[in-house]
Amino acid sequence: MGTLEHIIAEHPFCSSFAAEHCKLVAGCARNVRFEAGSYLARENDPADTFFLLRSGKVAIETSSPSGRPLVVGTLGAGDIVGASWLVPPYRWIFDARAAGPVRAIVLDATCMRAKCEADHDLGYAMMKQFVPTVVSRLQAARLQTLDMYGVA
Amino acid sequence: MTGTEDLYGFLLAKGEVPTTGAIIDLAEFARLIEVLADRGFRVLGPALRDEAIVYDDISSTADLPIGWTDRQEPGRYSLERREDDALFGYAVGPHSWKQFLLPPTETLWTARRSAGGEMAIEEPVPELVRFAFIGVRSCELHAMAVQDKVLRDGPHVDNGYALRREGNFIVAVNCGEAGGTCFCVSMETGPKADAGFDLSLTELIDGDRHRFLVETGSEEGAAVLRQLHATPATQGDRQAAGAVVARTASRMGRTLETEGLREALQSSPDHPRWDDVADRCLSCTNCTAVCPTCFCTSVEDHTDLAGETAERVRSWDSCFSLDFSHLHDGSVRSSNKSRYRQWATHKFAHWIDQFGTSGCVGCGRCLTWCPVGIDVTEEIAAIRAEPSDDKDQG
Amino acid sequence: MAFAPAPAPGSFTPSLAKVTAKRSEIGDVVTLDLETPPGSMEHARPGQFNMLYAFGVGEVAISISGNANGRLEHTIRAVGAVSQALADLEPGTSIGIRGPFGAGWPVGTQTDKNKDIVIVAGGLGLAPLRPVVRDILAHRDRYGRVFILVGSRNPEAILYDEELRDWRKRFDLEVEVTVDYAGRGWRGNVGAVTCLIGNAGFDPESSVAMVCGPEIMMRFVAGALVDAGMPDHRIHLSMERNMKCAVGLCGRCQFGPTFICKDGPVMSYDTLRPLLAIGEL
């Protein structure tokens, strides 16, 4: 898995991880590709995975009652897709759909959770990586819900 | 300082005692009003109306509040009879001279629209009235200078204001009484008038003798003085005048520490005292109306019923009104606190950044005419006494 | 076609202009083309504004959204009585105009030479920025990389979308657009406009940012630019406050010690940061 370790180490996700932690992450990782229009995850599926995007665009969507999909966010190369694997009951909240061809690294969340429980240093590094991302998404989401362009 | 002689020497060293000057008596003062009227001025001065001393048209000394004085405290104003017949034995009343120089309402221009949709816009022909103000106090001279910087000396000029100021004739009076709310000494704006007048008078009453020490401040002032019968002032006259000013200076009703005031206020936007004063302030806009330096205005556009003529009228406004800061879907300063803070911080701090001087001249009107008796000198002192830790500002 | 000669006005008196064309943009937003007295707008700079007068209704401050070859453009959203009256005008009508007023965008000076330019527009904020983009494109070799980042409510609310598409086609411009929400027909970005900044690729050591949009948006964008390494003094925002005289004499547009009509509307973030931190200022 030398090449995969290399790819993971270069991804922004691992930029702050120590080498041995990167190795642990690589142990739960696999390369994956999605065709345009296919789903990385669906709302309410068990959050058994999360993704490190290498290229392409992913749309985060939810459906209106009529089934019409609404895009609430898009993510691209370098971004992480999926934080619900860290939060019980571990279920995806939104759909994640490849808006074009997507290359990513998929991480087995069950594997990852187990390793974090066993090695708290790894767990702490994982939190330090995820929390800023989640906070920054929260800030952006709040700006979006303000609908501020409507007034000015 | 133990006596008038020491005081005299002290003031002489400070340049506060007139070294020249002339004397006119009461009769000649009366003639001064006539001379100005003959020269075509509209003569305005203090008059007693509705139990207050205001500024109005005057035609003789009989129109002045002879023998009256005022008692002023925050939220209180009353008149009392004096023991003498001084013409200027009081401080300032609710009026300032700004009502003549920056009229409460003024038509800026009118527009006409033809049937074809063509528009034409015309400014009104400027009124050619020259004002002579009698009895202008030093604080008021400073207030005019403050407004000059705003309305006349910047890149854009209020032409009407500039014209009225150019045509001004000012007879200043050095205060013989300090008001209960006065703090010109703290603001370094008085009590002695030192510039900006055509003539300046100090009223001297000594038993039966009722005279004025006159100083000239301009060519036109000297020309007017030449039309009166004046005698040269003696050393004694000058000492007496100096003593009047010194006594007034020592009896100020209020003080305000101005050293570091700008920084203190600009760094205290969240001081709890603002909330405290906001609980009392009614946002009634009295203070801004009586303040001689407040210049904020609004405009209104009117049309006639046929929709063929329109006019724009400018009128006094106040930063205390909600409409003042209206933007899109509401006022930026919607709370009372934010509006009081704006007024005080602008007047005592931002003004210095904007125009190089404080916006306050220490006349005390905003204290006297506040219906709930808010004393801005007290509010500011309270803010300075306990600096809030607005740590991360700036 | 002749119209009544403009008076030599005092600072409060409008000159006359004529509406020569009107275009519908998005929703309740229109752009008026104005013919103004010869030479009167010649020295108007991107970022400045005019006071436009609708007969009998009043005046409103509108940024210049185009000014080239004698054609003055103003993009107006009908939100109040005056702006509605202006938006209702048909070509051939006379309006009053005063200006140009205010401090404009910081381009065309030595300080921006060879720098990367980062333009961030939110909603109608693209209107006051369009003249500076056109100006930059007219002198393209003066600058480094040029980034135009646009945020809108949804795909239908994107202002000047045709011109944006033209900009997007150029090889010497990097244009990114994002919306707050979209249906699936939109293949672009969805997310707050702040999200476009981290990955844009400008050199924070030598870029100049110009930001315009709702005040909330500008505050967060400035924060994101600072997080990306840009110093306060090279970030410029276009501020807005109640305005009546536009010449510093009515007192209404004050923001702390600044007058938006003469110290602004464009001001740098080192001046603005402490002021924006104070509520109800």
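These numbers were taken from a predicted model, which means no experiment stands behind them. Below, chain A is the first sequence line, B the second, and so on; all start at residue 1.
- Residues His156(B) and Phe101(C) form a side-chain contact, since some pair of their non-hydrogen atoms from C-beta on lies under 4.5 Å apart.
- Across every non-hydrogen atom of Leu327(B) and Asn242(C), the tightest pair is CD1-N, 3.8 Å.
- You'll find the side chain of Pro14(C) reaches within 4.5 Å of the side chain of Trp109(B), heavy atoms only.
- In terms of heavy-atom proximity, Tyr53(C) sits nearest to Ala111(B) at OH-CB, 4.3 Å.
- Within 6.0 Å of the CD atom in Glu127(B), the count of heavy atoms belonging to other residues, nucleotides or ligands does not exceed 12.
- Considering every non-hydrogen atom in both Gly251(C) and Cys296(B), the closest pair reads CA-SG, 3.6 Å.
- Scanning both residues, Gly10(C) and Glu123(B), for their nearest heavy atoms gives N-OE2, 2.6 Å.
- Using a 4.5 Å heavy-atom cutoff, the side chains of Phe12(C) and Val299(B) are not in contact.
- Interface remark: of the candidates Asp304(B), Val150(B), Ile352(B), Asp158(B), Asp158(B) forms the most heavy-atom pairs closer than 4.5 Å to chain C.
- Taking 4.0 Å as the cut-off between side-chain N and carboxylate O, Arg341(B) and Glu280(C) do not count as a salt-bridged pair.
- Side-chain atoms of Lys262(C) and Gln354(B), non-hydrogen and from C-beta on, never get closer than 4.5 Å to each other.
- Annotation: side chain of Ile121(B) is in contact with side chain of Thr13(C) (closest heavy-atom distance under 4.5 Å).
- Of all non-hydrogen atoms in Ser94(C) and Glu118(B), the two that sit nearest each other are OG-OE1, 4.1 Å.
- Residues His346(B) and Gln254(C) have side chains that bring a donor and an acceptor to within less than 3.5 angstrom of each other.
- Residue Val57(C) touches chain B through its backbone alone, counting heavy-atom pairs closer than 4.5 Å.
- By the 4.5 Å heavy-atom criterion applied to side chains, Thr297(B) and Lys244(C) are not counted as neighbours.
- Here the side chain of Arg312(B) pairs no donor or acceptor atom with the backbone of Gly56(C) at under 3.5 angstrom.
- Of the listed residues Ser331(B), Cys294(B), Ser298(B), Gly160(B), the one with more heavy-atom pairs under 4.5 angstrom with chain C than any other is Ser298(B).
- Interface residue Glu308(B): only backbone heavy atoms are found under 4.5 Å from chain C.
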